[in-house]
Undergrad: 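After the structure tokens below, expect a handful of questions from me.
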Amino acid sequence: MGCPKFLEPRYYFKWKPQPDACTILNLNNLIMCGILAVLGCSDDSQAKRARVLELSRRLKHRGPDWSGLYQYGDSYLSHQRLAVVDPDSGDQPLYNEDEKIVVTVNGEIYNHEELRKSLPNHKFRTGSDCDVIAHLYEEHGENFVDMLDGVFSFVLLDTSDNSFLAARDAIGITSLYIGWGLDGSIWISSEMKGLNDDCEHFEAFPPGHLYSSKRGGLKRWYNPTWFSEAVPSAPYDPIVLRNAFENAVVKRLMTDVPFGVLLSGGLDSSLVASIAARHFAGTKAAKLCETQLQSFCVGLEGSPDLKAGKEVADYLGTAHHEFHFTVQDGIDAIEDVIYHIETYDVTTIRASTPMFLMSRKIKSLGVKMVISGEGSDEIFGGYLYFHKAPNKEEFHRETCQKIKALHQYDCLRANKATSAWGLEARVPFLDKEFINVVMSIDPEWKMIKPEEKRIEKWILRKAFDDEEHSYLPKHILYRQKEQFSDGVGYSWIDGLKAHAELHVSDKMMLNAPNIFPHNTPATKEAYYYRMIFERFFPQKSAILTVPGGASIACSTARAVEWDASWSSNLDPSGRAALGIHDSAYETKLSSTVNTNLATKIVDTVPQMMERSSTQVTIQS
């Protein structure tokens with residue numbers, strides 16, 4: 001195998017070649033994208049076109065394979081393409097037969113072959129999975145969106161009447177923002193950075209919604225039964241649950257390029273890896289690569305995830321890659337991370353940083369798509385604070401609230417931390433049909449009952465506890481929940497707190513309500529992230545896109561009320577669930593520990609594009 005592509009001198013990796021890696025493939029035979037649309041603007045000049053191109057280039061990291069810009073009168077549709085399906089002919093925009101309907105899209109449509117068959121009178125220009133969108137609109141009008149099984153954000157322009165339609169997938173796995181210009185124009189962008197300088201106001205485009213210019217507003221197209229938060233009553237059937245999740249994973253193996261799995265060694269990622277390994281041989285990528293499935297894990301030296309991840313990889317027989325980083329490596333990347341993920345939420349930044357670092361290495365190996373385990377804790381009630389749920393009604397309501405907010409947290413992290421390097425992450429736990437199955441089960445089955453040896457996510461563990469055809473080693477199948485930011489190594493979070501202690505004084509915290517009146521930072525770590533965020537995104541609209549409120553171990557503010565002691569120990573780490581986590585925090589974190597950690601961290605605030613190189617070791 002040849003050497004990896006040259007890496008920019010911001011992070012340096014020690015490279016150990018893998019003889020079976022798939023980077024020997026012709027990557028031209030390789031759709032995740034960045035999209036930007038400006039609709040109904042008052043300026044159709046060449047200068048405006050140049051400005052749209054300039055803003056679109058801010059999204060180039062999301063789609064480094066190709067770019068395009070379509071202009072029709074006062075509307076512009078641009079895209080930056082990452083080609084994962086039909087690389088040779090799937091460039092955008094996409095059109096219907098007479099080119100009157102134009103679409104720019106970020107996503108994958110997993111049932112595109114089935115949808116093509118339902119449109120026998122239509123001629124398709126490409127083999128791209130997203131090519132069906134224009135034709136479905138032509139056939140069914142705005143009501144076609146719920147027919148799509150996949151993840152997507154798209155803008156569709158109908159030039160016959162100069163109307164347009166924009167939509168985002170059910171859960172918000174793909175990122176999308178909407179903005180309004182002073183001239184009456186409407187802007188749609190995959191990331192906030194594509195519109196924050198040119199819009200008078202902008203906000204997150206809500207998941208499961210569409211915007212129609214004909215109606216002039218947003219409408220929710222995703223209306224599942226669970227959305228009302230009424231308590232379901234269906235019995236638990238482990239076989240039905242298992243089959244539904246296997247189907248969710250298998251449909252996400254649709255790719256024409258090298259792919260792998262993110263494998264932390266926790267329950268969720270291990271199940272994804274196990275199922276993917278069983279079906280890998282039948283994929284196009286496997287036939288081209290002639291190798292085993294690749295798996296990837298990140299952590300500090302000696303972290304819980306690295307140990308468990310390797311054990312699972314050995315059990316499944318994957319080509320495993322370990323990524324070791326240091327606390328300093330992570331701190332050096334914080335500014336880049338905040339710029340790319342576009343949030344100041346503490347738990348999201350903590351977890352995004354190692355994922356951001358790992359994604360760069362994965363992409364350098366020639367891999368363009370990974371499958372990940374996000375979403376399981378929300379739909380099954382897997383976070384450790386769910387141990388304190390007082391009844392099944394509260395338990396179910398909390399899972400519903402967590403799913404509805406995923407686009408602001410884990411989906412945002414998984415999408416943007418990987419897209420920062422032109423890598424796509426797929427999340428089978430958030431498959432639309434699988435969510436329907438899980439959320440129809442009587443939540444009494446999901447409740448955590450230690451006296452019955454039912455730990456968090458027991459129904460998922462039990463569904464895959466197959467003695468005859470084992471999916472995972474028993475102790476992995478029943479491993480305690482570790483949040484990603486904890487599993488990479490406990491000193492990661494402690495190091496972040498210590499670093500913030502160096503750069504945010506008590507006086508700064510005293511004035512925090514005056515400096516940051518909205519979502520006032522409650523900790524020095526939160527203050528540190530907020531300072532960086534507002535340097536990149538100072539607009540009030542940007543600040544309002546980030547949620548706030550009290551949280552314990554990633555809970556909603558309402559769930560903090562489940563335990564009286566939590567209100568004095570608010571922290572998103574799973575270790576904050578005292579008496580539940582095996583390595584829970586001390587009742588009060590020792591300031592001596594933080595001081596000792598701080599002395600090991602470089603006493604400088606890293607500046608964007610001005611950082612010295614660091615050494616990060618990759619072991620494979």
Undergrad: Would you please test Ser175 and Glu191 for side chain to side chain donor-acceptor pair (under 3.5 Å) and show each step?
TA: CA-CA 7 Å; Ser175 62; Glu191 295 185 4; 5.1 Å; no
Undergrad: Restricting to non-hydrogen atoms, name the atom on Leu115 and the atom on Ile109 that form the minimum distance, rounded to 0.1 Å.
TA: CD1-CG2, 4.0 Å
Undergrad: Between Glu139 and Tyr137, is there a side-chain donor-acceptor contact under 3.5 Å, judged purely by atom types and distance?
TA: no
Undergrad: To check you understand the geometry: which heavy-atom pair defines the closest contact between Met439 and Cys400, and what is its length?
TA: CE-SG, 3.7 Å
Undergrad: Under 3.5 Å, is there a donor-acceptor pair between the Thr174 and Asn106 side chains?
TA: no
Undergrad: Tell me, with the steps shown, if Trp226 and Lys404 meet side-chain contact (heavy atoms from CB on, under 4.5 Å).
TA: CA-CA 11 Å; Trp226 64 266; Lys404 292 175 182 179; 4.0 Å; yes
Undergrad: Could Arg220 and Phe227 be counted as a cation-pi pair, given that NZ or CZ must be under 6.0 Å from the ring centre and within 45° of the axis?
TA: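 Yes, a cation-pi geometry.
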Undergrad: For Tyr177 and Leu195, work out which heavy atoms get closest and say how close.
TA: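 Heavy atoms only, the tightest pair is O-CD2, 4.0 Å.
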Undergrad: How about Arg252 and Asn247: does a side-chain donor come under 3.5 Å of a side-chain acceptor?
TA: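 No - no donor-acceptor pair under 3.5 Å links their side chains.
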Undergrad: Report yes if some heavy atom in the side chain of Glu342 is under 4.5 Å from a heavy atom in the side chain of Thr545; otherwise report no.
TA: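 With C-beta onward as the side chain, the pair stays apart.
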Undergrad: Inspect the surroundings of CZ in Arg397 and state if more than 12 heavy atoms from other residues, nucleotides or ligands are less than 6.0 Å away.
TA: no
Undergrad: For Ser78 and Leu36, indicate whether the former's side chain and the latter's backbone hold a donor-acceptor pair under 3.5 Å.
TA: yes
Undergrad: Report yes or no: do His396 and Glu229 form a side-chain donor-acceptor pair below 3.5 Å?
TA: no
Undergrad: Classify the side-chain pair Ser185/Trp187 by whether it contains a donor and acceptor separated by less than 3.5 Å.
TA: yes
Undergrad: Are the aromatic ring centres of Phe395 and Phe386 under 6.0 angstrom apart?
TA: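 Distance test on ring centres: under 6.0 Å, yes.
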Undergrad: Ignoring hydrogens and angles, state whether a donor on the side chain of Asp161 or Ser163 is under 3.5 Å from an acceptor on the partner side chain.
TA: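 Ser163 and Asp161 do have a side-chain donor-acceptor pair below 3.5 Å.
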Undergrad: Is the backbone of Ile459 close enough, under 3.5 Å, to the side chain of Tyr236 for a donor and an acceptor to pair up by distance?
TA: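 At least one qualifying donor-acceptor pair exists.
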Undergrad: Decide yes or no for Lys219 and Glu142: does some side-chain heavy atom of the first lie under 4.5 Å from some side-chain heavy atom of the second?
TA: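 Contact flag for Lys219/Glu142 side chains = no.
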Undergrad: Taking all non-hydrogen atoms of both residues, which atom of Thr225 and which atom of Ser228 are closest, and how far apart?
TA: O-OG, 3.3 Å
Undergrad: Show the numbers, then the answer: is there a side chain to side chain donor-acceptor pair (under 3.5 Å) between Tyr383 and Glu378?
TA: CA-CA 8 Å; Tyr383 291 108; Glu378 283 73 17; 2.6 Å; yes
Undergrad: Could you check whether any side-chain N or O of Ser555 sits under 3.5 Å from a backbone N or O of Ser551, counting only pairs where one atom can act as donor and the other as acceptor?
TA: no
Undergrad: Can you see which heavy atom on Ser153 is nearest to which on Ile35, and at what distance?
TA: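 The answer is O-CD1, 3.6 Å.
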Undergrad: I need the Asp268 CG to Leu263 CG distance, nearest 0.5 Å.
TA: 11.5 Å
Undergrad: Any salt bridge between Lys251 and Asp431, counting N to O under 4.0 Å?
TA: yes
Undergrad: Just so I know, are the side chains of Ile379 and Thr399 near enough to count as touching, which here means a heavy-atom distance under 4.5 Å?
TA: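 Contact flag for Ile379/Thr399 side chains = no.
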Undergrad: Between Asp197 and Arg58, does any side-chain N to carboxylate O distance fall below 4.0 Å?
TA: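 Counted as a salt bridge, because a side-chain N and a carboxylate O are separated by less than 4.0 Å.
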Undergrad: Say whether Asn519 and Tyr344, considering side chains only, have a donor N or O and an acceptor N or O under 3.5 Å apart.
TA: yes
Undergrad: Taking 4.0 angstrom as the limit, do Asp237 and Arg242 come out as a salt bridge?
TA: no
Undergrad: With no hydrogens and no angle check, is any side-chain donor or acceptor of Ser440 less than 3.5 Å from a backbone partner on Val437?
TA: yes
Undergrad: Side chains of Ile403 and Ile171: closer than 4.5 Å at any heavy-atom pair?
TA: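 Ile403 reaches Ile171 side chain to side chain.
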Undergrad: Does NZ or CZ of Arg168 lie under 6.0 Å from the centre of the six-membered ring of Phe205, at an angle within 45° of the ring axis?
TA: no
Undergrad: Going through the distances and angles, do Phe245 and Val438 end up as a side-chain contact (heavy atoms from CB on, under 4.5 Å)?
TA: CA-CA 10 Å; Phe245 188 59; Val438 178; over 6 Å; no
Undergrad: Given 3.5 Å as the limit, does a donor-acceptor pair link the side chain of Ser419 with the main chain of Asn415, or not?
TA: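 Confirmed, Ser419 side chain pairs with Asn415 backbone.
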Undergrad: Is a side-chain donor or acceptor of Asp158 paired with a backbone partner of Phe164 at a separation under 3.5 angstrom?
TA: no
Undergrad: If you define the side chain from C-beta out and look only at heavy atoms, does anything of Phe356 sit under 4.5 Å from Met358?
TA: no
Undergrad: Checking Thr556 against Glu398: is there a side-chain donor and acceptor pair closer than 3.5 Å?
TA: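 Glu398 vs Thr556: donor-acceptor pair found between side chains.
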Undergrad: Measure from the ring center of Trp458 to the ring center of Phe380 and say whether it is less than 6.0 Å.
TA: no
Undergrad: Determine whether Arg530 and Ile543 make a side-chain contact, defined as any pair of heavy atoms from C-beta on separated by less than 4.5 Å.
TA: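 When only atoms from C-beta onward are counted, Ile543 and Arg530 do touch, with a gap below 4.5 Å.
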Undergrad: Determine whether the side chains of Thr343 and Thr348 contain a donor N or O and an acceptor N or O closer than 3.5 Å.
TA: no
Undergrad: Which value, rounded to the nearest 0.5 Å, describes the distance between Asp305 atom CG and Leu262 atom CG?
TA: 11.5 Å
Undergrad: I'd like to know whether Lys402 forms a salt bridge (Lys or Arg N to Asp or Glu O under 4.0 Å) with Asp377, so could you lay out the CA-CA distance, the side-chain angles of the two residues, the decisive distance to 0.1 Å, and finally the verdict.
TA: CA-CA 9 Å; Lys402 291 292 291 181; Asp377 293 309; over 6 Å; no
Undergrad: Is there side-chain contact between Ile178 and Ile186, with at least one heavy-atom pair below 4.5 Å?
TA: yes
Undergrad: Determine whether a donor-acceptor pair (N or O, by modelled atom type, separation under 3.5 Å) exists between the side chain of Asp169 and the backbone of Gly172.
TA: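 At least one qualifying donor-acceptor pair exists.
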Undergrad: When you check the side-chain N and O atoms of Gln80 and His61, is any donor under 3.5 Å from an acceptor?
TA: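 Distance-only check fails for Gln80 and His61.
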Undergrad: Using a 4.5 Å cut-off on heavy atoms from C-beta on, say whether the side chain of Trp566 contacts that of Lys388.
TA: yes
Undergrad: Tell me the closest heavy-atom pair linking Tyr409 and Ala405, and the distance in Å.
TA: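 Residues Tyr409 and Ala405, closest heavy atoms: CD1-O, 3.2 Å.
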Undergrad: Is there a side-chain contact (heavy atoms from CB on, under 4.5 Å) between Gln539 and Phe202? Walk through the geometry before answering.
TA: CA-CA 9 Å; Gln539 301 88 349; Phe202 55 89; 4.2 Å; yes
Undergrad: Quick test of your reading of the model: are Arg413 and Glu374 salt-bridged, counting only N-O distances below 4.0 Å?
TA: yes
Undergrad: Looking only at atom types and distance, does a side-chain atom of Asp183 sit under 3.5 Å from a main-chain N or O of Cys41, one as donor and one as acceptor?
TA: no
Undergrad: If you draw the axis of the six-membered ring of Tyr339, does the NZ or CZ of Lys193 fall within 45° of it and under 6.0 Å from the ring centre?
TA: yes
Undergrad: So does Glu393 have more than 12 non-hydrogen atoms from other groups sitting under 6.0 Å from CD?
TA: yes
Undergrad: Between Leu412 and Gln408, is the side-chain contact (heavy atoms from CB on, under 4.5 Å) condition met? List the steps.
TA: CA-CA 6 Å; Leu412 180 149; Gln408 299 173 307; 5.6 Å; no
Undergrad: Taking the side chain from Lys446 and the backbone from Ile441, do they hold a donor-acceptor pair closer than 3.5 Å?
TA: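 Between the backbone of Ile441 and the side chain of Lys446 there is no qualifying donor-acceptor contact (under 3.5 Å).
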Undergrad: I'd like to know if the side chain of His387 reaches the main chain of Tyr385, judged simply by a donor and an acceptor atom lying under 3.5 Å from each other, with no hydrogens or angles considered.
TA: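 The answer is no, because no donor-acceptor pair under 3.5 Å joins these two groups.
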Undergrad: Assess, by modelled atom type and distance only, whether the side chains of Ser541 and His201 contain a donor and an acceptor separated by less than 3.5 Å.
TA: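 Side chains of Ser541 and His201: pair found under 3.5 Å.
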Undergrad: Should the ring pair Phe152 and Phe154 be called parallel, tilted or perpendicular, given that the plane angle runs from 0 to 90° and is split at 30 and 60?
TA: tilted
Undergrad: Do Ser233 and Asp442 meet the criterion of a side-chain donor-acceptor pair at a distance under 3.5 Å?
TA: no
Undergrad: Do Arg426 and Glu424 meet the salt-bridge criterion of a basic N to acidic O distance under 4.0 Å?
TA: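 Salt bridge present between Glu424 and Arg426.
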